[in-house]
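Data first, discussion second: the structure below is written as structure tokens.
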There are 2 protein chains.
Amino acid sequence: MPQPTTTSPSAGSRTSDPDASTVERLLQAAAHAFADKGFHATTTRDIASGAGLSPAGVYVHFGSKEELLFALSRSGHESALRLMRSAIADGPTPAEQLVTVMARFTEWHVEQYQVARVVQYEHHHLTPEHHAEVLGLRKEMDSLMRDVLDRGVADGTFSVDDSADTALALLSIVVDVARWYSPTIRRTPGEIGSTNAALALRLVGAGH
Amino acid sequence: MPQPTTTSPSAGSRTSDPDASTVERLLQAAAHAFADKGFHATTTRDIASGAGLSPAGVYVHFGSKEELLFALSRSGHESALRLMRSAIADGPTPAEQLVTVMARFTEWHVEQYQVARVVQYEHHHLTPEHHAEVLGLRKEMDSLMRDVLDRGVADGTFSVDDSADTALALLSIVVDVARWYSPTIRRTPGEIGSTNAALALRLVGAGH
DNA sequence: TCGGTAACTAAGCGCTTGCTTAGTTTCCCT
DNA sequence: AGGGAAACTAAGCAAGCGCTTAGTTACCGA
């Protein structure tokens with residue numbers, strides 16, 4: 001009964017697009033709930049009703065609540081990494097790479113702020129095995145950012161004391177968006193993105 | 001029976017200084033557990049055994065788990081605010097105020113990283129009333145930082161596009177320390193503090 | 001000396017949790 | 001037409017949760 005003709009089992013508080021597939025709706029509902037209340041404060045019943053299913057319906061598609069978190073966390077990390085890589089590939093110079101990666105990665109944190117929150121703040125609730133896998137992706141983000149800085153230092157456009165410290169600060173500015181952003185804020189993703197890109201240029205001494 | 005002569009009721013995993021008062025030990029154990037696993041993943045039994053008490057012993061001193069979080073969150077916010085104010089009072093110029101506030105506030109996030117994590121990441125689990133009280137303290141932090149920037153812009157030492165955006169980025173760099181710091185890291189609080197202070201000077205265009 | 005008070009524990013209550021089981025419906029392949 | 005797999009629900013189980021109750025111990029002022 002994929003499309004019931006009359007009413008759905010829990011007419012309550014659906015938090016996901018009713019036209020999406022069941023797996024997609026479960027991921028959306030889980031992202032919504034995990035971002036809002038955190039992994040442990042979210043019940044499998046929250047997720048089920050958010051996806052328009054009975055409590056048992058979750059387990060047709062995912063073996064556990066943690067498996068849902070892992071699916072969300074892994075795909076979130078992968079799309080963040082993909083976005084960073086393509087932003088860097090698009091910039092001909094380190095300065096343009098830095099601006100593009102800061103702007104687009106910031107915009108992603110705003111537009112996908114629920115997924116971003118799960119990615120940045122819920123990954124330590126994964127099982128040790130899943131956590132280790134995701135940590136590898138996080139280290140890759142870090143070194144992508146550091147490599148941009150190192151290239152800019154090498155060709156003389158950037159001047160930074162320590163590229164690891166500076167990369168961490170740049171990522172802090174971006175990651176923290178997922179903490180403070182709320183959809184009630186009136187600034188657009190593009191505005192926040194270009195603000196952070198401009199701050200990045202100052203941090204690497206490329207404004208002067 | 002404040003000092004049992006033989007063995008304590010739960011000889012298990014005490015996480016707090018056994019010489020401190022019971023209330024102090026409860027706060028320490030709660031800070032430890034909330035920082036490590038988050039508010040909802042922490043059980044009152046974790047806190048009790050961390051403080052060397054039976055599960056019921058918590059309720060002699062605190063009415064609920066949330067009341068413990070509130071006590072921790074409020075006193076944490078208050079000591080953070082006190083620290084910011086005194087750092088600003090100690091600096092004769094906006095540039096020195098910025099350096100001091102960034103260095104000391106960063107050091108606090110490192111040295112008190114368990115309390116800092118609770119302060120920065122657990123406050124949304126408070127009741128609406130308690131949350132509102134703490135939000136007032138957080139806004140005060142924000143405007144303290146913005147005021148430093150505005151004074152530096154006014155006297156010509158800083159050049160920033162938007163003091164609110166820049167203040168947010170500066171606080172992001174500091175707050176994010178509570179996310180990434182771990183006691184296994186070999187850098188000292190002083191080193192991390194002066195790194196962040198130097199980054200701050202670059203962000204406000206005071207390095208020239 | 002002794003009554004009151006505060007700090008504490010053993011036991012457990014009622015509820016919610018993650019997840020399972022057994023069964024129903026729908027659809028598709030032959 | 002009819003058999004089987006897949007998607008789903010109703011009901012509920014065992015465990016763990018926050019917190020309470022009833023009682024014990026230790027201490028302190030009169």
Side-chain angles (χ1 to χ4, degrees), chain A residues 1-14 16 18-27 29-30 33-34 37-72 122 125-127 130, chain B residues 1-14 16 18-27 29-30 33-34 37-72 122 125-127 130:
Chain A
M1 192 200 288
Q3 286 292 94
T5 46
T6 48
T7 50
S8 58
S10 78
S13 50
R14 188 183 273 110
S16 56
D19 291 340
S21 75
T22 304
V23 168
E24 208 59 52
R25 265 156 43 223
L26 279 166
L27 289 170
F34 291 162
K37 316 192 277 183
F39 176 71
H40 272 101
T42 298
T43 69
T44 57
R45 284 162 178 83
D46 291 337
I47 298 167
S49 77
L53 295 177
S54 73
V58 175
Y59 296 90
V60 173
H61 304 281
F62 294 92
S64 67
K65 188 172 82 158
E66 190 273 345
E67 208 172 276
L68 249 163
L69 175 65
F70 179 54
L72 218 48
E122 303 297 324
H125 292 124
L126 292 166
T127 63
H130 290 163
Chain B
M1 192 199 289
Q3 286 292 95
T5 46
T6 49
T7 50
S8 57
S10 77
S13 48
R14 188 183 273 112
S16 57
D19 291 340
S21 75
T22 304
V23 167
E24 207 59 52
R25 266 156 43 223
L26 280 166
L27 288 170
F34 291 162
K37 316 192 279 185
F39 177 71
H40 272 102
T42 297
T43 69
T44 56
R45 286 162 177 83
D46 291 336
I47 298 167
S49 78
L53 294 178
S54 74
V58 174
Y59 296 90
V60 173
H61 304 281
F62 294 91
S64 67
K65 189 172 81 158
E66 189 273 346
E67 208 172 276
L68 248 162
L69 175 65
F70 179 54
L72 217 48
E122 302 298 323
H125 292 124
L126 293 166
T127 63
H130 290 163

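Chain identifiers are assigned alphabetically (A, B, ...) following the order of the sequence lines, protein sequences preceding nucleic acid strands; residue numbering begins at 1 within each chain.
One finds the OG atom of A:Ser16 at 10.0 Å from the CG atom of A:Leu27 (value rounded to the nearest 0.5 Å). To the nearest 0.5 Å, atoms CG (A:Leu68) and OG1 (A:Thr44) are separated by 9.5 Å. Of the inter-residue distances, the one linking B:His125 atom NE2 with B:Leu69 atom CG reads 8.5 Å to the nearest 0.5 angstrom. With rounding to the nearest 0.5 Å, the separation of OH in B:Tyr59 from CG in B:Leu26 is 11.0 Å. Of the inter-residue distances, the one linking B:His130 atom NE2 with B:Phe70 atom CZ reads 4.5 Å to the nearest 0.5 angstrom.
Distance A:Phe62 CZ to C:dT20 P: 15 Å, rounded to the nearest Å. Atom CD in B:Glu66 sits about 17 Å away from atom C1' in D:dC17, given to the nearest Å. Atom CG of A:Leu68 and atom P of C:dT17 are 16 Å apart (whole Å). Rounded to an integer number of Å, the gap from NZ of B:Lys65 to C1' of D:dT20 is 17 Å. The distance between atom NE2 of A:His125 and atom P of C:dT17, rounded to the nearest whole Å, is 16 Å. Rounded to a whole Å, the OH atom of A:Tyr59 is 7 Å from the P atom of C:dT20.
Across every non-hydrogen atom of A:Lys65 and A:Thr42, the tightest pair is NZ-O, 2.8 Å. Of all heavy-atom pairs spanning B:Ala20 and B:Glu24, the tightest one is CB-CB, 3.9 Å.
The nucleotide whose nearest atom lies closest to any side-chain atom of B:Ala56 is, among D:dC19, D:dA10, D:dT21, D:dT21. Ranking D:dT20, C:dC8, D:dC8 by closeness to the A:Leu53 side chain, first place goes to D:dC8. In the set D:dA10, D:dA7, C:dC19, D:dA7 carries the atom at the smallest distance from any side-chain atom of A:Val60.
In the region residues 37-45 of chain A, proximity to DNA chain C at under 4.0 angstrom, judged on heavy atoms, holds for A:Thr42, A:Thr43, A:Thr44, A:Arg45.
Axis deviation across the helix from C:dT1-D:dA30 to C:dT30-D:dA1 amounts to 0°, comparing end segments of five pairs, rounded to 10 degrees.
Put simply, the side chain of B:Phe39 does not reach to within 4.5 Å of the side chain of B:Leu126, judged on heavy atoms. Side-chain contact check for A:Asp46 versus A:Lys37: some heavy-atom pair is nearer than 4.5 Å.
Between A:Ser64 and C:dG18, a side-chain N or O to OP1/OP2 separation shorter than 4.0 Å is absent.
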